[in-house]
Amino acid sequence: MPTTKKLLLVDGNSVAFRAFFAMHSALDSFINRDGLHTNATFAFKRMLDNILEQVDPTNVLVAFDAGKVTFRTKKFEEYKGTRAKMPGELAEQLPFLHKLLDAYGIKWYELKNYEADDIIGTMAQEGAKAGMAVTVLSGDRDLTQLASDQITVQVTLKGVTELEAYTPAHFQEKLGITPKQLIDVKALMGDNSDNYPGVTKVGEKTALKLIQEYGSVENLYAHVADMKKSKMKENLINDKDMAFLSKDLATIRTDAPITLGLADTVYPGPDNQALLALYQELDFNSFIKDLAPQEDDDAPVQKDLPVTALTAANLPQALAGDAPKTFMIEMLGDNYHTEPVIAVGLGTPDQWYVATQDAILREPALQTWLADAQKVKYVFDAKRNYVAAHRFGATINGIDFDMLLVSYLLNTVDNSNDLGSVAAQHGYTGVETDAAVYGTGKKRQVPDDQAVFIQHIAHKLACVYNLQPQLVKDLQAHEQYTLYTDLERPLAIVLANMEIAGIKVLPDTLKAMGVSLKERLQDLENQIYTEAGHEFNINSTKQLGTVLFDEMKLPPIKKTKTGYSTSVAVLEKLQDESPIIQMILSYRQLAKIQSTYVEGLLSQIHPDGKIHTRYIQTLTQTGRLSSQDPNLQNIPMHQDEGKQIRKAFVPSHPGWQIFDSDYSQVELRVLAHVSGDRNMQEAFKENRDIHANTAMKIFHLTDPSQVTDNMRRQAKATNFGIVYGISDYGLSQNIGIPREQAKAFIDAYFEQYPQVKDWTEQIVKTAREQGYVETIMHRRRYLPDINAKNRNLRQFAERTAMNTPIQGSAADIIKVAMINMAQALKDQHLQATMLLQVHDELLFEAPREEIPILEKLVPSIMDSAVKLAVPLKVDSSFGDTWYDVK
DNA sequence: CGTATCACG
DNA sequence: ACGTACGTGATACGA
């Protein structure tokens, strides 16, 4: 039987766009020696390899758009009229993409007056007719209308290699229509990015419904007269011409006058000499290595690095010299407080040393070297190595380069604990991921082949060493070098010491709460069963939904994608309908306290009676910390029931106290600073109640005495809304007022704080132009969706553009304070210990006699962390437990 | 392993 | 018209 021929068709322009933006954050590091940007070419190559491997085609064609003028613009002048010009950094790469395809032996093609879509549509039809299995690769969904039994359309998702396969079945499942009907849907809803309107007031939802009902635009109009009178019917009738024109524009041609046939698309495979020349021109060194002839197919792709077993005997030799060395302590799991050490490695590219026993960490020679600040170390995750070393009595000084931390500062996205994937983000492909070597989940283990294991450690060490120059250069290009050296790098050590210190938690206090909660939960459970008439799992939203909305016939206020919503907001609206609602609310509240806080925290107390959380310094997109295993940044506070948990958090020595300081309204102060708003700055300079001040402004009051509690509450929500990147709908939902009124609040707000309004507009504009926003300390967040054609994505990016500089600058400020605080405690020889950070709050334990010192010292360090145009304000308190700190 | 819910700033 | 507040982590279900 002859093998089926496989045809791969690639939408060159849209895949190039995706490639460009997938590696947009690496734009600065992907420049060849001639100053040419190469990020899109690099990512395009990887996308191409990925799809070639997946499809293994016999024939390939890449189609490009020939220009702006096409038969569609002749039919409708505004077609794609609002489309932004291709960025220059991408346009300059197009000739190299063409060269790359030539070297791959892949035919590429463009046709005057037609779009790439039409070339693909025509060729796909021909291929299918010839009995070929056709795969289309594109970055947008327009082409999915071609999907059929023989044609699969792969659409790129995020990143370089993730794809979504559109088949007729997938269409049915996802949208409830056939691929062809997508054209009809677009005829009605129009296409914003292609700039044709469809029918007035008809969006995706409505269009889908209409097509599911009528099947096609033609049939819809055949029956439009029978529809019952409505605004929509009127719009449909008025816009009939536009609907049919839109349908025509949306239809991908399958009869474009292309001048090549299937025979021209035969894929012979790459020309390695041509590829080598191109890679040299583009400085794609990692790809050049891949081209090197392999002696036999079974040989490892990575050539072996020079490794010696690290022993007590050869430590002096291994540690000789003052040149920088990479160092690592390897563990299989995340939690470095407890995880066994499986290897210790160090060295330089001349010679790597790897020990597979943890005992080496107790060697005095190694401990001396680790403690010596003059011995320069490169690591991946300083805090992880520091804490692990501490378990063996070692202290690490002299950490110069932390690849993980630097990578996070360069681009906050996806800095996992996996060195291999972080390396890949920076174009370094010479190292495997841990998942590939150790496996994942239950099967995670040290490889059976010891040589494979040791080479993996060596390759990781080498990777850190090799990436150092490039990443430090990138930091400098981003003006982030001092953010790294003066803020994040020292902070890692401060955090390590907080984690090591841990906080004492009294198990008996938690257990007593657990006993009482258990009884109360049992009572509530029985009452709920009585009301419901039978037993069920209250924790199952599905079963609860059935009881409330099917059996008891309560009105379902909201739906989720899987069924009825039973969230607090919904239940509160049902309060008066049945006594069961209050019982469920109470049950939920207590069950949360029991499972997450009583049982959860109990299971995390170490043998030393303390909880040692991990602060994740390289995760959030704004620069905040996060806290894991357990999360000590979300211990209950707002309701007294849950707040009791805090009584279990106590000082670790008798006669000591818990001391706490927090910033007052730090985010709004940051907003007053960055916006330069005179009215808001004045309020803070005069130490006024900012929410009451806002209330006076938006309610047009003349005297503070006129501000009611409710006005202040609404003003407070509005202040928050501004920080989050306001929308009238969001505000209206939050405080339960009509949308119109929320809009009036916002308008009044912007009128009273005009420079805040200017700033929100300015920051969005800046984000659009440069693709990222920054905090006061140059922390950077990329916003690739800021120019997205998808409205939701774009608006989300716009809100983020407003929120991140505020939340992120506040994070910068407390981080500076933490570093200064750790230094001050050391300088003044205080026993007080910094234990926790909760975003705008620092928590300490200290001997009672040091409390008066802290009451002066902590606020003075915190409010002088940075100099803003408004003062920072800090409130402090102390007590026997965390609960008593209020 | 994704979803819903709810704890924090 | 469209669908929306920003940033996190832990737990319980249920496929």
Side-chain angles (χ1 to χ4, degrees), chain A residues 189-190 192 197-207 231-232 235 412 441 537-545 558 560-571 585 588-589 591-597 599-601 603-604 613-616 619-639 641-643 645-646 662-663 665-667 717-718 720-735 739 742 746 781 790-796 798-808 810-811 814 836-841:
Chain A
M189 69 181 272
N192 251 335
V199 176
T200 310
K201 307 260 186 197
V202 173
E204 185 179 356
K205 287 267 156 69
T206 317
K231 192 78 200 161
M232 184 176 79
N235 288 329
T412 53
N537 187 344
I538 308 166
N539 291 320
S540 162
T541 47
K542 199 174 161 213
Q543 293 181 35
L544 182 60
K558 214 175 106 191
T560 65
K561 66 174 80 167
T562 53
Y564 303 115
S565 170
T566 64
S567 66
V568 171
V570 169
L571 294 183
L585 285 169
R588 281 251 179 95
Q589 198 197 348
K592 173 88 179 178
I593 297 168
Q594 180 79 308
S595 66
T596 303
Y597 297 106
E599 290 165 3
L601 290 177
S603 73
Q604 298 272 7
T613 186
R614 280 177 299 131
Y615 287 106
I616 310 299
L619 184 141
T620 70
Q621 301 306 299
T622 56
R624 275 190 174 183
L625 301 174
S626 84
S627 159
Q628 293 178 356
D629 293 323
N631 183 357
L632 293 185
Q633 292 182 319
N634 72 346
I635 303 300
M637 173 68 177
H638 300 308
Q639 281 151 332
E641 203 75 68
K643 198 172 174 182
I645 292 286
R646 294 182 174 224
D662 69 293
Y663 283 112
Q665 272 115 28
V666 63
E667 292 191 345
T718 310
F720 272 107
I722 297 291
V723 169
Y724 293 156
I726 197 105
S727 79
D728 51 9
Y729 180 85
L731 182 62
S732 75
Q733 287 294 301
N734 190 281
I735 49 181
R739 190 182 173 140
I746 296 167
R781 179 177 187 176
N790 179 317
R791 181 192 194 87
N792 285 338
L793 290 179
R794 192 175 64 247
Q795 290 187 337
F796 182 52
E798 287 168 1
R799 292 196 295 273
T800 311
M802 301 179 222
N803 176 261
T804 295
I806 301 173
Q807 192 184 112
I814 195 167
L836 300 179
Q837 188 251 43
V838 193
H839 308 308
D840 63 357
E841 171 187 6

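Chain naming here is simple, since letters A, B, ... match the order of the sequence lines and numbering starts at 1 in each.
For A:T596, the side-chain atoms get nearest to C:dA10 when compared with the rest of B:dT3, C:dA10, C:dT8. Side chain of A:K201, nearest nucleotide from C:dC6, C:dT8, C:dA1: C:dA1. Residue A:Q807 has its side chain nearest to C:dC6 when only C:dC6, C:dT8, B:dT5 are considered. Side-chain proximity of A:Q628 to the nucleotides C:dG7, C:dG9, C:dT11 is greatest for C:dG9. Taking every side-chain heavy atom of A:S540 into account, C:dG14 is the closest of C:dA5, C:dA10, C:dG14. Taking only side-chain atoms of A:Q621, from C-beta outward, the nucleotide of B:dT5, B:dT3, C:dT8 with the closest atom is C:dT8. The side chain of A:D629 sits closest to C:dA10 out of C:dA10, B:dT5, B:dC6. Closest to the side chain of A:H839, from the set C:dA5, B:dG9, B:dC6, is B:dG9.
The nearest heavy atom of DNA chain C to A:I722 and to A:K542 marks one nucleotide each, and the one closer to the 5' end goes with A:I722. If you find the closest nucleotide of DNA chain C to A:N734 and to A:N537, the one lying nearer the 5' end belongs to A:N734.
In this model, the phosphate group of C:dG3 is approached by a side-chain N or O of A:K205 to a distance below 4.0 Å at OP1 or OP2.
Distance alone, capped at 3.5 Å, places no donor-acceptor pair between the A:E204 side chain and the A:M189 backbone. Between the side chain of A:Y663 and the backbone N or O of A:A810 there is no donor-acceptor pair closer than 3.5 Å. Using a distance-only test at 3.5 Å, with no hydrogens or angles considered, no donor-acceptor pair links the side chain of A:R614 to the main chain of A:D629.
Among the protein residues, A:S627 comes within range of the sugar-phosphate backbone only, with heavy atoms under 4.0 Å from sugar or phosphate atoms but none that close to a base. If you check every strand for non-hydrogen atoms under 4.0 Å, A:N631 touches sugar and phosphate atoms only. Backbone-only engagement by A:Q543 is indicated by non-hydrogen atom pairs under 4.0 Å involving sugar-phosphate atoms exclusively. Within 4.0 Å of A:I635, counting heavy atoms only, lie sugar-phosphate atoms of the nucleic acid but no base atom. Within 4.0 Å of A:V723, counting heavy atoms only, lies no atom of the nucleic acid at all.
With rounding to whole Å, A:Q604 atom CD is found 8 Å from C:dA10 atom P. Atom CD1 of A:I593 and atom P of C:dA12 are 14 Å apart (whole Å).
The partner of C:dC2 cannot be assigned: no Watson-Crick or G-U wobble pair with both contacts below 3.5 Å exists in any strand. As the counterpart of C:dC13, B:dG2 is assigned, both hydrogen-bonding distances of the Watson-Crick or G-U wobble pattern falling under 3.5 Å.
Using atom P as the reference point in both C:dT4 and B:dT3, the two lie 15 Å apart (nearest Å). Comparing the P positions of B:dA7 and C:dG3 gives a spacing of 29 Å, expressed to the nearest Å.
The base of C:dT4 lies outside donor-acceptor range of the side chain of A:R794, with no N or O pair under 3.5 Å. Put simply, the side chain of A:S727 and the base of C:dT4 share a donor and an acceptor less than 3.5 Å apart.
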